[in-house]
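In the text below, chain A, chain B and the rest are named by the order of the sequence lines, each starting its count at 1. Atom set for the values below is all heavy atoms of this structure, side chains included, hydrogens, waters and symmetry mates excluded. Values in this document were obtained by computation on a predicted structure and should not be read as measured data.
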Amino acid sequence: MPELPEVETTRRGIEPHLRGRTIQKLIVRQASLRWPVSATLVRRIKHAHIEQVSRRAKYLLICTNSGTLVIHLGMSGSLRIVRDNAPPGPHDHIDMLVGDNTTLRYRDPRRFGAWLWTEDKLESHPLLCKLGPEPLSDNFSGSYFFNRSRGRKLAIKSFLMDSHVVAGIGNIYASEALFRAGIHPSRAAGRISRQRYTKLADAVKQVLSEAIRQGGTTLRDFSNGEGKPGYFQRSLNVYGKTGEPCPVCKTPIRETRTGQRSTFYCPHCQR
DNA sequence: AGAGGTACCTGGCAGC
DNA sequence: TGCTGCCAGGTACCTC
């Protein structure tokens, strides 16, 4: 479900309800996520004071005075604010009670997500330290992209989705950005010109900021912190549109697989 | 070092 | 209706 725009939408949805609050306790109903939810986390997070809710790549960072809670939504995770002790559903694995009748509730049917606790510097965290630049920052540009790609033979789509190259671009937005940049998803990353990388970097920034503005893409059941859906699926040009006419040239959209992931493109517009 | 495959897990859907 | 197989928005880790 969640790519960068969905995680950012979630962050914006929950932040006002969490910032400045003191965590009363964590209720873990199902501890086996991607990594087990540790007893240390449950113990250490109690009484922590939330200073801010930020994001790095697709990781949500709940920063407190005593440490940072690192949350990843995996493939099917979602967070929302619930009140009045609303009864948990079957996949509501964790509740974080923050007082004043407010609970942050984590739901994750596939359990690919993660809840981790760290008291070290975030820059040295093993999951965060090797990530590429944020795509919406100035550190991410066509030149950076071009330089990183020299000598690489893998498909541009896989390169674009490598979080160590640039953080936070998943399967939906990779297809969409390549369509906007007119680049064929199977083209070798090392054989794309600097100019085309400039176009691609712009397309990535454009597609992600538009998606954030529209509250993300809701394909199955994504919703922001208040349970509202995202609307970017209306703006999708190629993702999931196999056989439908390309919005630019009317050629039927094709589907292929790159690195075991479905990929959508227009065979006429993308070279 | 780079490229590709595997693993984690459940739910929904198409096809028989 | 009910079974089977396949697919799904992620990514660390393994092998070649």
Does B/dG2 pair with anything, Watson-Crick or G-U wobble, both distances under 3.5 Å, and if so, with which nucleotide? C/dC16

Ring-face cation of A/Arg150 near A/Phe146 (centre distance under 6.0 Å, axis angle within 45°): yes

If you measure from the P atom in C/dG9 to the same atom in B/dA3, how many Å do you get, rounded? 22 Å

Under 4.0 Å, heavy atoms only, any strand: does A/Leu127 hit a base, just the sugar-phosphate, or nothing? sugar-phosphate

Check every atom of C/dG10, B/dA3, B/dG11 against the side chain of A/Arg152 and return the nucleotide holding the closest atom. B/dA3

Any strand is fair game: report the nucleotide pairing with C/dG2 by Watson-Crick or G-U wobble, both distances under 3.5 Å, or none. B/dC16

Closest-nucleotide mapping onto DNA chain C: is A/His72 or A/Arg110 further toward the 5' terminus? I mean the 5' end. A/Arg110

Kindly indicate whether the side chain of A/Arg111 and the base of B/dC9 share any N or O donor-acceptor pair separated by less than 3.5 Å? no

Does C/dG10 have its OP1 or OP2 closer than 4.0 Å to a side-chain nitrogen or oxygen of A/Arg261? yes

To the nearest Å, how far apart are A/Leu154 CG and B/dG5 P? 12 Å

Compare side-chain N and O positions of A/His164 against OP1 and OP2 of C/dA12 and report whether any pair is under 4.0 Å apart. yes

Taking only the side-chain nitrogens and oxygens of A/Lys58, find out if one of them lies under 4.0 Å from OP1 or OP2 of C/dT11. yes

Distance, rounded to the nearest Å, where A/Lys157 contributes NZ and C/dT11 contributes P: 13 Å

Could you check whether the rings of A/Tyr173 and A/Phe232 sit parallel, tilted or perpendicular, using 30° and 60° as the cut-offs? tilted

Main-chain N/O of A/Ile172 paired to A/Ser175 side chain as donor or acceptor, under 3.5 Å: no

According to a hydrophobic-cluster definition based on side-chain heavy atoms being under 4.5 Å apart (Ile, Leu, Val, Met, Phe, Trp, Tyr only), do A/Ile27 and A/Ile62 belong together? no

Does atom CG of A/Asn65 have more than 12 heavy-atom neighbours, drawn from other residues, nucleotides or ligands, at distances under 6.0 Å? yes

Measure the distance from CG on A/Asp162 to C1' on C/dT11 and round it to the nearest whole Å. 10 Å

Quickly work out the A/Arg107 CZ to B/dT10 P distance and round it to whole Å. 14 Å

Write down the distance between CZ (A/Phe159) and P (B/dG4), rounded to a whole number of angstrom. 14 Å

In this structure, are over 12 heavy atoms from other groups packed under 6.0 Å from A/Lys205 atom NZ? yes

Of the candidates B/dG5, B/dC8, C/dA8, the side chain of A/Phe112 sits closest to B/dC8

Here the distance between atom P of C/dG9 and atom CZ of A/Phe232, to the nearest Å, is 16 Å

Under 4.0 angstrom, heavy atoms only, what part of the nucleic acid is A/His93 near: base, sugar-phosphate, or nothing? nothing

Closest listed nucleotide, where the reference is the side chain of A/Gln260 and the choices are C/dG9, B/dG5, C/dT11: B/dG5

Give a yes/no on whether any side-chain N or O of A/Tyr239 is located under 4.0 angstrom from OP1 or OP2 of C/dG9. yes

Could you tell me the separation between the CZ atom of A/Arg257 and the P atom of B/dG5, rounded to a whole number of Å? 11 Å

Just call it for A/Ser262: base, sugar-phosphate, or nothing, with non-hydrogen atoms closer than 4.0 Å on any strand. sugar-phosphate

Separation of atom CG in A/Leu160 from atom C1' in B/dA3, rounded to whole Å: 17 Å

